[in-house]
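Excluded from the calculations below are hydrogen atoms, water molecules and symmetry mates; all remaining heavy atoms, backbone and side chain alike, are included.
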Amino acid sequence: MAEIIEAHAGTMVDNDNGKRRRLVEFKVGCRYGKFGKTKAYELIAHERIRAYKMGGKTLIDLDSVDEYHASLPRVEARAS
């Protein structure tokens with residue numbers, strides 16, 4: 001599945017530092033991040049993931065989704 005999403009990812013150059021961004025349409029970004037549209041809009045509002053507008057489309061930055069997943073707390077096993 002990740003290969004399919006990567007194939008659909010467009011790239012855009014960030015003018016601030018020349019780094020390329022992996023941008024996908026909103027629906028594809030939600031599938032990649034394994035969250036629904038409501039959660040996606042919440043994460044965007046709280047600046048946990050980055051999104052951009054291109055015309056009428058919202059594009060999600062897959063690198064920001066990876067960063068969000070990496071920031072999630074680890075589940076600790078309970079002592080028995």
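The side-chain hydrogen bond (donor to acceptor under 3.5 Å, both in side chains) test applied to Lys39 returns Glu42, not counting sequence neighbours. Partners of Phe26 under the ring-ring contact (aromatic ring centres under 6.0 Å, His included) rule, at least two apart in sequence or in another chain, are Tyr41. In this structure, the side-chain hydrogen bond (donor to acceptor under 3.5 Å, both in side chains) partners of Thr58, at least two apart in sequence or on a different chain, are Lys53. Listed by chain and number, the residues in a side chain to side chain contact (heavy atoms under 4.5 Å, CB included) with Thr38 amount to none (sequence neighbours excluded).
The side-chain hydrogen bond (donor to acceptor under 3.5 Å, both in side chains) analysis of residues 70-79, with sequence neighbours excluded, yields the pairs Arg48-Ser71.
Nearest heavy-atom pair across Ile44 and Ala51 is CD1-CB, 3.6 Å. Listed here is the closest heavy atom pair of Ile49 and Ile60: CD1-CG2, 4.4 Å.
Leu72 contributes atom CG, which lies 12.0 Å from atom CD of Glu67 (distance to the nearest 0.5 angstrom). In this structure, OH on Tyr32 lies 8.0 Å from NE2 on His69, to the nearest 0.5 angstrom.
Screening Glu25, Arg22, Arg21 for a side-chain contact (heavy atoms from CB on, under 4.5 Å) involving Leu59 leaves a single residue, Glu25.
The shortest side-chain heavy-atom distance between Leu23 and Tyr52 falls under the 4.5 Å cut-off.
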